[in-house]
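Everything below concerns the one structure shown next.
Chain letters run A, B, ... following the sequence lines, proteins first, then strands; residues in each count from 1.
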Amino acid sequence: MRLKPPRLSIPVPTDYVLWRDVCSYGYFLLEPNFWDPAAKAFRRVLTLVDPASKPRAVTVTITQTKKAEPLTATVDSKVTNAQATEIRAQVTRMLRLDEDAAHIRAFHKLDARWKKLGRGRLLRSPTFYEDVIKTVTSCNVTWPSTIAMNRRLCEHFGEAGASGLRGFPTAHQIARQRPATLRARCGVGYRDARIVELSAMFAKGKLGGVPVEAFEDPATPDDQIREWLIELPGIGPYAAANILQLLGRYGHLPLDTETVRHGRTVLGMKGPSPGIMKRVNAHFAPFGAHAFRAYWFEMWEFYESKRGRSWTWEREKTASTFTAAKLKL
DNA sequence: GGTAGACCTGGACGC
DNA sequence: GCGTCCAGGTCTACC
């Protein structure tokens, strides 16, 4: 079997800027993701799944010299042609390189505030499964707890690469665990059974009886996906809306306590929380299919006004300071 | 259809 | 160092 050299060149859309577009969503601060602000490099372990053999973990470091230039993905060990193809596919999903540049332009036409900096793409995970589990670990907890859960999931159940770093566990790995084991090792609390159940569904290829592919199929209507998601364990209105945006469907807002804080702090709204949620939702409704991005980048700019530009944040120092109490300061 | 309370964990706070 | 309180979305029971 011929082995590929461990440097892959990955073409990008003409608007793509690595440092801006990786540091665009909180997941860049969650393990196994790691952004190196000094080197402007993104590193993480990718787990390559070959049905015929054991999962294999490789550490990939991604850099870019300038806007629109192809990315260089440096892999820490030799890979086969098939594995190189899988790395490209995972990186493409994670960085949303397959999202049409025309869609970004349409967003900027509707909300011109983000045109100059070029904000439009949001980081997500290399797999739909990781996006769903990360969303569940963000429900009913403060951000530092979400950080801890993801770190422990990787530490205890992630596949280790040659570098010793670990990736995000696969659905099969978590589906094999007892809920109590997950709770004890990862501190996921009552989410234990829900995470194992979701993992078992992913491992079988069907979520609530619906093939996983149908969720990622562009032909499936947004409302249909939302309906399916709401039926899944641990997924409520907030999580469903967040998963929808992770699937590239930006018409719904994940309304949570951050929405209320944003409504009060930035939009000057007053009154009880439920009313503010409804008003924030109505405030962004005119952005239609781009509502989430208009909402998110406005919120992201608020975070940057407190902590500096996101590509300067250091995971170990900055990430844990994103608590509601500290953001009110 | 709407609402109250339980579910866990970790950080903040008071002593 | 210990105990208590609180924040955070989903789920179930109940009206």
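- Phosphate proximity of B:dC8 to A:R191: absent, as no side-chain N or O sits under 4.0 Å from OP1 or OP2.
- Residue A:R194 has its side chain nearest to C:dC11 when only C:dG8, B:dG10, C:dC11 are considered.
- Atom P of nucleotide C:dC11 and atom CG of A:L232 are separated by 9 Å, given to the nearest angstrom.
- Note: CG (A:D256) to P (C:dA7) measures 15 Å, nearest angstrom.
- A close approach under 4.0 Å does occur between a side-chain nitrogen or oxygen of A:R152 and OP1 or OP2 of B:dG10.
- Minimum atom distance to the side chain of A:Y190 is reached by B:dC7, of the listed B:dG10, B:dC7, C:dT10.
- In this entry the distance linking CG of A:L182 with P of B:dC8 reads 13 Å, nearest Å.
- Aromatic rings from A:F42 and A:F28 are positioned such that their centres are separated by 6.0 Å or more.
- Ranking B:dT9, C:dG8, C:dT10 by closeness to the A:C139 side chain, first place goes to C:dT10.
- As rounded to whole Å, 13 Å separates atom P of C:dT10 from atom CD1 of A:I195.
- At the heavy-atom level, A:A239 lies under 4.0 Å from the strands shown only through sugar-phosphate atoms.
- At the phosphate of C:dG8, OP1 or OP2 sits under 4.0 Å from a side-chain N or O atom of A:T257.
- As a whole-Å value, the separation of A:L153 CG from B:dT9 P is 13 Å.
- Minimum atom distance to the side chain of A:P144 is reached by B:dG11, of the listed B:dT9, B:dG11, C:dT10.
- Using the six-membered ring where Trp is involved, A:F292 and A:Y295 have ring planes that are tilted, between 30° and 60° apart.
- With hydrogens and angles left out, the side chain of A:Y238 and the base of C:dG8 share no donor-acceptor pair within 3.5 Å.
- Environment of NE2 in A:H172: sparse, with no more than 12 heavy atoms of neighbouring residues, nucleotides or ligands closer than 6.0 Å.
- Rounded to whole angstrom, the span from the CZ atom of A:R261 across to the P atom of C:dC6 amounts to 22 Å.
- Ring planes of A:F302 and A:H262: perpendicular class, angle over 60° (limits at 30 and 60°).
- Rounded to a whole Å, the CD1 atom of A:I147 is 13 Å from the P atom of B:dG10.
- Side chain of A:R56 to backbone of A:V79: no donor-acceptor contact under 3.5 angstrom is found.
- Put simply, CE on A:M149 is 8 Å from P on B:dG10, counting in whole angstrom units.
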